[in-house]
Amino acid sequence: MDRLRKSSNLLKSLPEGLTSRLVENGVRGHAKADSVLFSAGEPGDGLYFIEAGLLKVVIVSPGGEESVVSLLGPGEFAGELAMIDGLPRSASVVVLRDCSYRFISKESFQKFTATHPEFYRELARVLSMRLREADQALAAATFLSGKERLARALLDLAGYVGKPSDSGSVMFTFKVSNGDLAAMAGMARENVSRVLREWRDRKLVSQSAHYHCIHDIAALEREVKLTTQK
């Protein structure tokens with residue numbers, strides 16, 4: 001299921017040895033589900049390396065509409081953009097599942113980059129990849145239908161919280177509300193409910209007490225026009 005995971009995380013794609021040196025002196029911490037790791041607009045005082053748990057990166061429109069930009073799981077960073085550009089937090093990070101992390105302060109990050117000049121060389125390489133991914137994400141937001149965006153959201157979630165079974169189904173190990181799915185897919189909640197009912201009738205997915213199960217990954221991939229060649 002790892003092939004389904006998608007992340008906009010910049011530092012995750014750096015060489016493993018470089019990231020391990022960055023986080024080895026980080027301060028360990030824990031955050032409970034439903035807590036906010038940091039909020040948009042706050043000064044960037046450091047970054048977080050996620051060791052366990054699940055988080056969502058959220059932006060809110062002036063009208064109060066929430067959009068889930070991405071999910072973060074073990075091995076990924078939160079808050080790295082403010083360390084790189086020196087600007088306030090561009091989004092909020094909310095804990096979905098209890099998490100443990102290592103916190104690298106802004107001062108520690110600056111000392112690390114000063115003593116590891118190869119960091120920015122590698123970062124330039126990663127940024128070029130991310131620009132290409134941003135183009136793809138923009139195209140998806142522009143051209144995919146709501147149903148296709150919802151299928152993509154479920155496939156992305158499966159990469160983080162999906163547990164494959166012998167029958168080929170993928171059961172989510174975390175409760176995901178229709179509201180969260182709507183925020184991830186850029187849809188109205190009632191439209192999410194309507195599409196999920198259609199997929200349940202077609203036996204593509206099922207849902208019990210907010211625990212989703214994907215019964216046919218290939219069919220859901222076809223809904224979002226994915227192929228095994230991606």
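For the pair Val58/Val36, no side-chain contact is recorded, criterion being any heavy-atom separation below 4.5 Å from C-beta on. Under the 4.5 Å side-chain criterion, counting only non-hydrogen atoms from C-beta, Leu157 is in contact with Met184.
Side-chain N/O atoms of Thr173 and Arg97 include a donor and acceptor closer than 3.5 Å. Between the side chains of Ser100 and His30, no donor-acceptor pair of N or O atoms lies under 3.5 Å.
Around CD of Glu65, the count of heavy atoms belonging to other residues, nucleotides or ligands within 6.0 Å does not exceed 12. The number of heavy atoms from other shown groups lying within 6.0 Å of CG (Asp34) does not exceed 12.
A pairwise comparison of heavy atoms in Asn178 and Ser193 identifies ND2-OG, 3.1 Å as the closest pair.
By the 30° and 60° cut-offs, the orientation of the rings of Phe119 relative to Phe109 is perpendicular.
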Notebook entry, point to check: Step by step, would you call His212 with Val205 a side-chain contact (heavy atoms from CB on, under 4.5 Å)?
Noted result: CA-CA 7 Å; His212 292 78; Val205 302; 5.9 Å; no
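In summary, of the residues considered (Tyr48, Phe38, Phe77), a ring pair (Phe, Tyr, Trp, His ring centres under 6.0 Å) with Tyr101 occurs for Tyr48 alone.
Checked by atom type and distance alone, the side chain of Arg89 pairs as donor or acceptor with a backbone atom of Gly79 at under 3.5 Å. Side-chain atoms of Glu76 come within 3.5 Å of backbone atoms of Gly73 as a donor-acceptor pair (strictly under, hydrogens ignored). No donor-acceptor pair under 3.5 Å is formed between the side chain of Asp216 and the backbone N or O of Leu204.
Atom OG of residue Ser67 and atom NZ of residue Lys56 lie 10.5 Å apart, to the nearest 0.5 angstrom. Once rounded to the nearest 0.5 Å, the distance linking CG of Asp180 with CG of Leu71 reads 8.5 Å. For the atom pair CD1 of Ile217 and CZ of Arg222, the computed distance is 11.5 Å after rounding to the nearest 0.5 Å. Atoms CZ and CD, on Arg149 and Glu223 in that order, are 14.0 Å from each other to the nearest 0.5 Å.
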